[in-house]
Structures are given as structure tokens and as C-alpha cells.
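Below is one structure, written out as C-alpha cells; comments come after it.
Remember, it's a predicted structure, so these values are computed and weren't measured experimentally. Reckoned from all heavy atoms, side chains included, excluding hydrogens, waters and symmetry mates. This chain uses plain numbering: 1 for the first residue, then up along the sequence.
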Amino acid sequence: MKLTLRRNIRVAAALIASLLSTAAVYAEMSATELAKLAQNPVGNLISVPFQNNTNLNFGPEEKTQNVLNIQPVIPISVNSEWNIITRTIVPVISMPSLYPGDDRTNGIGDTIFTAFLSPAVPGKFIWGAGPVVQIPTNNDRILGNDNWGLGASGVLLRLEKGNPWVYGALVNNVWSVSSDKQGGSYNNGLIQPFLNYNLPKGLYLTSSPVATVNWDADSGDKWTVPLGGGVGKIFHIGKLPVNTSLAAYHNVIKPDYGPDWQIRAQIQFMFPK
């Protein structure tokens, strides 16, 4: 019993020492370097972003929809050459009434899970590719689709030491693997270009609009295309790096009843791996 306790204490002490040592390394990175690390979707870094999207004039009643995306990113080292970067998006949705007399619906939407295979030592361009899965985790039919989905995702970006620009794009497409449950079949795509300009002291300008397409919709209702941007800043809570940003996007192309504007606020906790 005493030997087991001592062994557990030694293991815990070693783990704490390792975490503190790695945290110190991250604390020594400049705020600009941390900002660029946060802007890499397939960076070798554990992080937990909370991204809140407020969609204005949504639906036939032109009310406000709110979607809080909880997006843990966990890298897994395969070997010295390859990493797998897992990205999970769990949406917490507040859906406004869709017709007179309807009530607001609050709950969980469908989870999107992506696993990117990415080189551990990238060249001039950083890339990742892998499967994307839509998991029917919604607790209300208004908030999602009960059919599982499967597709492919890829990301390509340019990030150079000494260069303030970080730019690239993330794309995916998800097809439903069945159509017999609530919501029916679907075929949805996403394109997210991103452009960041890093200023001194962890301040940066950013634009990362999320364009979506519903390939099964009528021709005039397929695309949502936003334009806009915002500003971000790195700061620390103790030694823990935290990335924050605020941006606004106007939907220049949208389906009937789509929102006119989106206000996006994000806080991302960056944990040493």
C-alpha cells in the first residue's frame, strides 16, 4: 500500500514537473509567435476554443439565432513524420421562433468530428487531410438531422517565421450515409478561407468567413457567402496563453431566411502538449 502510494506520488510529481516545464516553454514564446500558432488549424497544440456566433435577422421572423461552438483540438503523434490533428465541434444552439406563436428552442446540435493527417515537420506550406463525420447529437429536430454523415476535409496554409501573414483555406463536404431518419438526406459543403496579419505584442487583424453550400437546395438557396473581418489579441492567465478575437461578417449571398449579419466572438485556451 505504501509502495503504491509512493509510486503514485512520484508519477504525479513527474507529470506536474513536465507540464510546468512545457508551460514555461510556451510562456517564453513571443505573443506574436503564439498568435501564429493559434492561427494554424493543424498546429501541434492542444487547445479549446469557445466560438460564439450571433446571427442577426435569422428566419422568417427575422430574429436572432445564437450558436456557441465548443471546439476542442487534440493532436496525436503517430511517429516522427506524421501527426493526426483531431477537431471536434459541438454546437450549443439557441434557435428563435420560426413562425408566429412558436417558442425559442435551446439545445445541442449535431457534432462534427474531423481527423487531419498532417506532416510533423512541414515545408513552406502546411497541409492536412482526412475524414469528417457528422454525428446526430441533437436533442431536438429543429436543431439537427438524425442521419449520420461522412465526408472528406482538407486544409492548406502558409506560415513562415518572420512573416506577419498567415493565410490559407479549410474545405470539407459531408454526405448523409442514410436518409430514413428525421431530417432526410443531405449534401453540405464548407469553404473557410482565412487571412491574418500579425502586429506586435500579439495583436492581429483577421478575416475567416465561413461559406457554406447546400447542394440539394434550389439554385437560389444553395450558398451562404459572408464577407468581413475583425481583430484578435493574445494574452495570458498566469502562464496559460489565451487567444481572443472579435469579428463581424455580412452575408452578401444567402438563402431565403438566412441571417444578414454574423457577430463572432472567440476565446481559445491554448494548452501545452
Short side-chain donor-acceptor distance under 3.5 Å, Ser118 and Asn83: no
Side-chain heavy atoms of Ile76 within contact of Thr86, under 4.5 Å: yes
From CA spacing to verdict: side-chain contact (heavy atoms from CB on, under 4.5 Å), Ile84, Phe116: CA-CA 5 Å; Ile84 294 176; Phe116 295 100; over 6 Å; no
Side-chain heavy-atom pair Leu157, Trp127 within 4.5 angstrom cut-off: no
Close side-chain approach of Val92 to Ile70, heavy-atom, < 4.5 Å: yes
Interatomic distance, Ser178 atom OG to Asp146 atom CG [nearest 0.5 angstrom]: 9.5 Å
Donor-acceptor pair between Thr224 and Asn251 side chains, under 3.5 angstrom: no
Heavy-atom donor-acceptor pair, Lys233 side chain to Thr244 backbone, under 3.5 Å: no
Heavy-atom donor-acceptor pair, Asp102 side chain to Leu98 backbone, under 3.5 Å: yes
Taking every non-hydrogen atom, the tightest pair across Trp82 and Asn79: N-OD1, 2.9 Å
Spacing of Leu159 atom CG and Lys124 atom NZ [to the nearest 0.5 Å]: 14.5 Å
Ile142 reachable from Ile93 in the ILVMFWY side-chain graph, under 4.5 Å edges: yes
Val132 reachable from Ile89 in the ILVMFWY side-chain graph, under 4.5 Å edges: yes
Residues which pass ring pair (Phe, Tyr, Trp, His ring centres under 6.0 Å) with Trp148, listed by chain and number, not counting sequence neighbours: none
Beyond-backbone contact of Asp110 with Pro91, side-chain heavy atoms, under 4.5 angstrom: no
Shortest non-hydrogen contact between Gly43 and Pro75, atoms and distance: O-CB, 4.4 Å
Gap between atom CG of Asp216 and atom CG of Asn187 - 0.5 Å precision: 5.0 Å
Modelled atom types, side-chain donor and acceptor of Gln268 and Ser47, under 3.5 Å: yes
Heavy-atom pair with the smallest gap, counting every atom of Gly107 and Asn139: CA-OD1, 3.3 Å
Distance-minimising heavy-atom pair for Gln71 and Gln266: NE2-OE1, 4.2 Å
Donor-acceptor contact below 3.5 Å, side chain Glu62 vs main chain Phe58: no
Point-to-point distance, once rounded to the nearest 0.5 Å, from CD1 of Ile112 to OG of Ser153: 10.0 Å
Stepwise side-chain contact (heavy atoms from CB on, under 4.5 Å) test for Val242 and Ile234: CA-CA 6 Å; Val242 180; Ile234 294 287; over 6 Å; no
Spacing of OG1 belonging to Thr212 relative to CG belonging to Leu190, to within rounding of 0.5 Å: 7.0 Å
Verdict with reasoning, Val73 to Leu45, per side-chain contact (heavy atoms from CB on, under 4.5 Å): CA-CA 8 Å; Val73 177; Leu45 168 77; over 6 Å; no
Check: Asn145/Asn147 side-chain N/O donor and acceptor closer than 3.5 Å: yes
Thr32 and Asn198 side chains, donor-acceptor separation under 3.5 Å: no
Flag side-chain contact, heavy atom, 4.5 Å: Thr54 against Val67: no
Ring centers of Trp223, Trp215 separated by less than 6.0 Å: yes
Greater than 12 external heavy atoms within 6.0 Å of Tyr257's OH: no
Cation-aromatic face contact Arg158/Tyr167, 6.0 Å, 45 degrees: no
Ser176-Ser185 side chain donor-acceptor pair, cut-off 3.5 Å: no
Single-linkage hydrophobic cluster, 4.5 Å side-chain cutoff, Ile74 and Phe113 together: no
Listed partners of Asn55 passing side chain to side chain donor-acceptor pair (under 3.5 Å), at least two apart: Gln65, Gln262
Backbone N/O of Asn163 and side chain of Lys36: donor-acceptor pair under 3.5 Å: yes
Path from Ile191 to Val166 over hydrophobic side-chain contacts below 4.5 Å: no
Atom of Tyr249, atom of Ala247 and distance for their closest heavy-atom approach: CE1-CB, 3.6 Å
Nearest heavy atoms of Met270 and Leu240, plus distance in Å: O-CD1, 3.1 Å
Gap between atom CG of Asn138 and atom OG1 of Thr111 - 0.5 Å precision: 9.5 Å
Same cluster (ILVMFWY, side-chain, under 4.5 Å), Leu34 and Tyr204: no
Flag side-chain contact, heavy atom, 4.5 Å: Val42 against Ile126: yes
Donor on one side chain, acceptor on other, Arg104 and Ser94, under 3.5 Å: yes
Steps toward side-chain contact (heavy atoms from CB on, under 4.5 Å) verdict (His250, Val252): CA-CA 6 Å; His250 175 58; Val252 294; 3.8 Å; yes
Side chain proximity check, Phe194 to Pro41, heavy atoms < 4.5 angstrom: yes
Donor + acceptor pair across side chains of Ser208, Arg264 (<3.5 Å): yes
Side-chain touch Asn66/Asn53, heavy atoms, less than 4.5 angstrom: no
Asn188 and Asn173 side chains, donor-acceptor separation under 3.5 Å: no
Expected output: side-chain Thr105 to main-chain Met95 donor-acceptor under 3.5 Å: no
